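One structure follows; several queries about it will come next.
Remember, predicted model here, so these are calculated numbers, not experimental data.
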2 protein chains.
Amino acid sequence: MREIAEEAGILSGSLYHHFDSKESIVDEVLRTFLEDLVARYRVAIQSGSDARTVLAEMVRIGFSTLEPHRAAVTVMQNDWNYLRSLPDNRFDYLVKAEDEVERMWIEQIKRGQAAGQFRGDVDPKLTYRMIRDTIWVAVRWFRPGGRLNPAGLAEHYVKVLFDGLGIGDRVSQQV
Amino acid sequence: MREIAEEAGILSGSLYHHFDSKESIVDEVLRTFLEDLVARYRVAIQSGSDARTVLAEMVRIGFSTLEPHRAAVTVMQNDWNYLRSLPDNRFDYLVKAEDEVERMWIEQIKRGQAAGQFRGDVDPKLTYRMIRDTIWVAVRWFRPGGRLNPAGLAEHYVKVLFDGLGIGDRVSQQV
DNA sequence: GTCTATAATTTGATAGAC
DNA sequence: GTCTATCAAATTATAGAC
C-alpha cells in the first residue's frame, strides 16, 4: 500500500479515502481487465470468421492486453491462487470469468478440428492451457519499447502455433 | 518461515539451526534444481543427436522436473524478479544459470534451422522464451495424479510445437 | 536438535486535524 | 482529498533453556 501510494504521489493513509482495502484495489484492477478481455473475445467470436481466423484474433487480443492491463495480468499471474483461497467469496467472479474464457477458446479449437482446420489428435483443453500460459507469462519479460511490440509477439506465436517449428512431411510425423 | 517449519514438523525458531535465513533456504532449493537441470540438458546435447531430437528431449527434461523440483520451479516463477533485485549479489548465479540455459536452447534451435529441420523464419530467442514459459508455467496448474503426467504433457507439447496446430499446405501459409 | 520467549521490522488499516 | 500519528497483526530472526 505504501508503494502504491508513493506511485500515486500521496501517503498510504490517503489511499483509504479512495479504496477501503487492498483487496478493493485488486478487485477494480481485475474487473476492468476481465470485462475488457471477455468483451473483445466476444467480438472476435461473433465476427462469423472461421475457427482458425478467430483463434488467431484471440491470440492477438491476448498479447495486446499486455500493455494496457499490465498490472492486472501481473496480479493474475502472481496472486491467482491466493485470491481464490480467500475465505470471503469476493473473488468468485475470477473463476466464473476464467471458465467462460476457457469455454470460448475450447469451442474455437473444437470447431477448427471439426472443420478440418486443426489437427484432431491434440487435446483441446490442454492446448488451450498452453496457449493461455504462453500469452500471459510474457508479461514477466515483456517491456514496452523492446525489439518487438505485442502485435509482433502475437504474429510470431501464431506462426509457430499454427504451422509448427518443424519442416517436413507432416503426415508421416503424425503417428 | 512458520509454514515451512510446520511442514517440517518443528517450530519456526528451530529452522534457524539448519538455515541462517529465509534466503538460505531459497538458495539451496534453487541451486539443487539448476544444477540438476543444466546437467541433464548437457547430457541431451552431448548425445550427438540431431537438433530436433535434442530439442524434444530438452522439452521432456523440462516437464519432468515439475514433480521433483516443484518448489524450485514455483519460486523461480513467483520470486525471480524479486531475488534478482536484492541488494546483495547472493543470487547472481541465477542470471548466470539462465544465460547458460538460454544459450543451450538457442544453439539447438539455430542448429536445427541450419540443418533444415526447423523453419528459418522464426526468431530463435523469442521461440526459446515461449517454449520456456510454456514448460515452467505449467507448475501453476499441474498436479500429480491428474489426467496427464509430465511425460504426457511433454509429448503433447512436442507435437504441437514441431508440427503445429494447423492442417494444410505449409508453404502457402508462410507469407 | 527443538522449544520458549521475545526482539525488530514490515504492513494493512484507522482516527482526526487541516 | 491529503496528512500526521498511530495501532494491530504478521513476519523474520535471535537468545538461551532443555
Next on the checklist: Going 5' to 3' along DNA chain C, between which two nucleotides do contacts with chain B fall, using a heavy-atom cut-off of 4.0 Å?
Outcome noted: dG1(C) to dT4(C)
Checklist entry - What's the CG-C1' distance between Leu15(A) and dT4(D), to the nearest Å? => result 15 Å
Checklist entry - So, is Tyr16(B) close to the dT14(D) phosphate, meaning a side-chain N or O under 4.0 Å from OP1 or OP2? => result no
Item to check | Whole-Å distance separating the CZ atom of Phe19(B) from the P atom of dA13(D) | outcome: 13 Å
Next on the checklist: I'd like to check the ring pair (Phe, Tyr, Trp, His ring centres under 6.0 Å) partners of Phe63(B); sequence neighbours left out, ordered by chain and number.
Outcome noted: none
Checklist entry - For residues 11-20 of chain A, which residue pairs qualify under side-chain hydrogen bond (donor to acceptor under 3.5 Å, both in side chains), counting only residues two or more places apart or in two chains? => result Asp20(A)-Ser24(A)
Item to check | Lys22(A) NZ to dA9(D) C1', straight-line distance once rounded to whole Å | outcome: 14 Å
Listed pairs under 3.5 Å, donor-acceptor, residues 2-9 of chain A side chains, sequence neighbours left out:
none

Item to check | Contact nearer the 5' end of DNA chain D, comparing Leu11(A) with Asp20(B) | outcome: Leu11(A)
Checklist entry - Atom CD of Glu3(B) and atom C1' of dA10(D): how far apart are they, to the nearest Å? => result 11 Å
Checklist entry - Which pairs pass side-chain hydrogen bond (donor to acceptor under 3.5 Å, both in side chains) with one or both residues in residues 128-146 of chain B, sequence neighbours excluded? => result Gln77(A)-Arg140(B), Asp133(A)-Trp141(B), Thr134(A)-Thr134(B), Trp141(A)-Asp133(B), Gln77(B)-Arg140(B), Glu98(B)-Arg132(B)
Checklist entry - Between Arg84(B) and Phe91(B), is any pair of side-chain heavy atoms under 4.5 Å apart? => result no
Checklist entry - When we call it a touch if two heavy atoms are under 4.0 Å apart, what does Ile10(B) touch: a base, just sugar-phosphate, or nothing? => result sugar-phosphate
Checklist outcome for this item: The complete set of side-chain hydrogen bond (donor to acceptor under 3.5 Å, both in side chains) pairs with one or both residues in residues 65-75 of chain A, sequence neighbours excluded, reads Asp36(A)-His69(A)
